[in-house]
Number of protein chains: 2
Amino acid sequence: MPDVESQCEGFRHAREARRNVLIEDYVELIDDLLTEGQEARQVDIADRLGVSQPTVAKMLVRLVAEGFVTRKPYRGIFLTDAGLALAETVRARHQLVEEFLLALGVDAVTARLDAEGMEHFVSDATLEAFRTALKTGVLRR
Amino acid sequence: MPDVESQCEGFRHAREARRNVLIEDYVELIDDLLTEGQEARQVDIADRLGVSQPTVAKMLVRLVAEGFVTRKPYRGIFLTDAGLALAETVRARHQLVEEFLLALGVDAVTARLDAEGMEHFVSDATLEAFRTALKTGVLRR
DNA sequence: TTTACCTTATAGCCTATTGCATATTATTTC
DNA sequence: GAAATAATATGCAATAGGCTATAAGGTAAA
Ligand SMILES: [Mn+2]
Ligand SMILES: [Mn+2]
Ligand SMILES: [Mn+2]
Ligand SMILES: [Mn+2]
């Protein structure tokens, strides 16, 4: 077993990351919806996430409070500069994680499912290792 | 963007996995403590997880309710057969994820931190892909 | 055996995430 | 412009996961 401090640090780190999971998923999704259809409404977000509309409404209050989105009443949700920046970072990370799994030989459905969860816990350093492995082609089979 | 059903399934899957994160970490940790020192007390668990003792007490109620642990008053926590089985599965998965990151060239500290979060979202299929990549040595640098 | 220490239990409070049911408000359509 | 439809807001409730402070119960040393 690792020493108490190291292990404790690991658990704290993971708990911290868990607090950002929803924010990251929402912001990425909103950006996708805006890019694809010019609008992101609560009902669409709810459908995509598989939660109820009131659940989305509540989370949007938090996203506004944290400065990631703005809202035009009955006109949908929009990203602030901070929101857009976060969306781009998060999407790039998500895509890289999924691509990496695919390159490893994981089937497409599993890669999609696993990436949706894993992405939030992959650090920049690990992401860089994924990128390198993809680039050098060592994973091709 | 993926179709609504697929994306929704991914988010649901990840939410489901999130509900097991704590259970998995607790059971793995309790097993480690029992193996190493013959006892797992609330205070030790709390120290290792970086949470308070009352927080552990509350979670233990849940772990007992879900059939993973039993308790001897003032004598610590013990694993049921189900708890032991879960612990073994979870530990093997955790170790494999961490080993895989290390083999990819990720530094030890980062590998430890990332693995603590990622492990809970890695499916058996992906785990098998990790195992294969490790075995065939394609990741060695 | 009595005190000191260790461990666990409890009470009370908080934030985060989710749900259901229903009301309200805006937009569209006829 | 009124009715139908779509979208959002709100109230109420539940579960999960944290915390601090304090009480209480066991163990073990003196
Ligand atoms: Mn994502
Ligand atoms: Mn995700
Ligand atoms: Mn673990
Ligand atoms: Mn973990």
Side-chain angles (χ1 to χ4, degrees), chain A residues 4 8-27 29-30 33-34 37-66 68-78 116-117 120, chain B residues 4 8-30 33-34 37-66 68-78 116-117 120-121:
Chain A
V4 178
C8 184
E9 183 197 8
F11 286 124
R12 286 184 184 285
H13 180 82
R15 273 200 302 279
E16 173 66 26
R18 260 202 311 275
R19 283 216 309 277
N20 299 313
V21 170
L22 273 190
I23 287 178
E24 292 173 355
D25 282 341
Y26 268 77
V27 167
L29 174 58
I30 290 167
L33 287 169
L34 288 173
Q38 280 83 54
E39 59 179 9
R41 293 167 307 163
Q42 288 188 18
V43 282
D44 299 331
I45 297 170
D47 281 351
R48 291 268 171 187
L49 291 175
V51 297
S52 69
Q53 170 264 319
T55 293
V56 172
K58 212 172 295 182
M59 186 59 52
L60 289 176
V61 171
R62 183 177 159 204
L63 289 174
V64 169
E66 301 202 15
F68 294 119
V69 312
T70 57
R71 347 174 44 172
K72 299 200 207 308
Y74 289 84
R75 281 297 170 186
I77 311 302
F78 301 88
E116 192 59 72
H120 309 282
Chain B
V4 177
C8 184
E9 182 197 10
F11 286 124
R12 285 184 185 285
H13 181 80
R15 273 200 301 279
E16 172 65 27
R18 255 199 317 272
R19 281 212 302 279
N20 299 314
V21 169
L22 274 190
I23 288 179
E24 292 173 356
D25 282 340
Y26 268 78
V27 167
E28 185 187 355
L29 174 58
I30 290 167
L33 287 169
L34 288 174
Q38 279 83 53
E39 59 179 8
R41 293 166 308 164
Q42 288 188 18
V43 283
D44 299 330
I45 298 169
D47 281 351
R48 291 269 171 187
L49 291 175
V51 298
S52 67
Q53 169 265 318
T55 293
V56 172
K58 206 177 298 183
M59 187 59 51
L60 288 177
V61 172
R62 184 177 159 204
L63 288 175
V64 169
E66 301 203 15
F68 294 119
V69 312
T70 57
R71 348 177 41 173
K72 299 200 208 306
Y74 292 85
R75 282 294 171 187
I77 312 301
F78 300 89
E116 192 58 72
H120 309 282
F121 303 92

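Letters A, B, ... are given to chains in the order of the sequence lines, protein chains preceding strands, and every chain is numbered from 1.
- Here B/Glu28 pairs with nothing under the salt bridge (charged side-chain N to carboxylate O under 4.0 Å, His left out) rule; sequence neighbours left out.
- Two residues, B/Ile77 and A/Asn20, neighbour DNA chain C, and the one matched to the more 5' nucleotide by heavy-atom proximity is B/Ile77.
- Qualifying side chain to side chain donor-acceptor pair (under 3.5 Å) partners for A/Glu39, counting only residues two or more places apart in sequence or in other chains: none.
- Of the residues in residues 46-54 of chain A, those placing a heavy atom less than 4.0 Å from an atom of DNA chain C are A/Gly50, A/Val51, A/Ser52, A/Pro54, in numerical order.
- Rounded to a whole Å, the CD atom of B/Gln42 is 11 Å from the P atom of C/dT10.
- Here salt bridge (charged side-chain N to carboxylate O under 4.0 Å, His left out) pairs that include residues 10-21 of chain B, with residues two or more places apart or in two chains, are B/Glu16-B/Arg19.
- Checked against side-chain contact (heavy atoms from CB on, under 4.5 Å), B/Glu24 has the following partners two or more places apart in sequence or in another chain: B/Asn20, B/Val90, B/Arg93, B/His120.
- A heavy-atom distance below 4.0 Å to DNA chain D is reached by none of the residues of residues 11-19 of chain B.
- Here the CG-CG distance, from A/Leu22 to A/Leu29, works out to 11.5 Å after rounding to the nearest 0.5 Å.
- Residue whose closest nucleotide on DNA chain D sits further toward the 5' end, between A/Ala57 and B/Val21: A/Ala57.
- Under the rule for a ring pair (Phe, Tyr, Trp, His ring centres under 6.0 Å), the partners of B/Phe121 that lie at least two apart in sequence or sit in another chain are A/Phe121.
- Scanning for side-chain contact (heavy atoms from CB on, under 4.5 Å) contacts around B/Phe78 gives B/Leu34, B/Thr70, B/Lys72, with sequence neighbours left out.
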Each nucleotide of nucleotides 25-30 of chain D classed B (base within 4.0 Å of a protein heavy atom), S (only sugar-phosphate) or -, in 5' to 3' order, makes BSS---
Side-chain donor/acceptor pairs under 3.5 Å, residues 49-58 of chain A, sequence neighbours excluded:
{"from": "A/Ser52", "atom 1": "OG", "to": "A/Thr55", "atom 2": "N", "distance (Å)": "3.4"}
{"from": "A/Ser52", "atom 1": "OG", "to": "A/Thr55", "atom 2": "OG1", "distance (Å)": "2.9"}
{"from": "A/Gln53", "atom 1": "NE2", "to": "A/Gln42", "atom 2": "OE1", "distance (Å)": "3.0"}

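- As a whole-Å value, the separation of A/Met59 CE from C/dT15 P is 15 Å.
- Spacing between atom NZ of B/Lys58 and atom P of C/dC13 amounts to 13 Å, rounded to whole angstrom units.
- Atom-to-atom, CD1 of B/Ile45 to P of D/dG18 comes out at 14 Å; the value is rounded to the nearest Å.
- Residues passing the side-chain contact (heavy atoms from CB on, under 4.5 Å) test with B/Val64, sequence neighbours excluded: B/Val69, B/Arg71.
- What separates CG of A/Leu63 from P of C/dA16 is a distance of 12 Å, to the nearest Å.
- With a 4.5 Å cut-off on side-chain heavy atoms, B/Ile77 and B/Leu33 do not count as touching.
- Each of A/Asp44 and B/Tyr26 was matched to the nucleotide of DNA chain D holding its nearest heavy atom; the match closer to the 5' end belongs to A/Asp44.
- For the pair B/Glu66 CD and D/dT15 C1', the computed distance is 12 Å after rounding to whole Å.
- Residues in residues 42-57 of chain A take part in these salt bridge (charged side-chain N to carboxylate O under 4.0 Å, His left out) pairs, two or more places apart or across chains: A/Arg41-A/Asp44.
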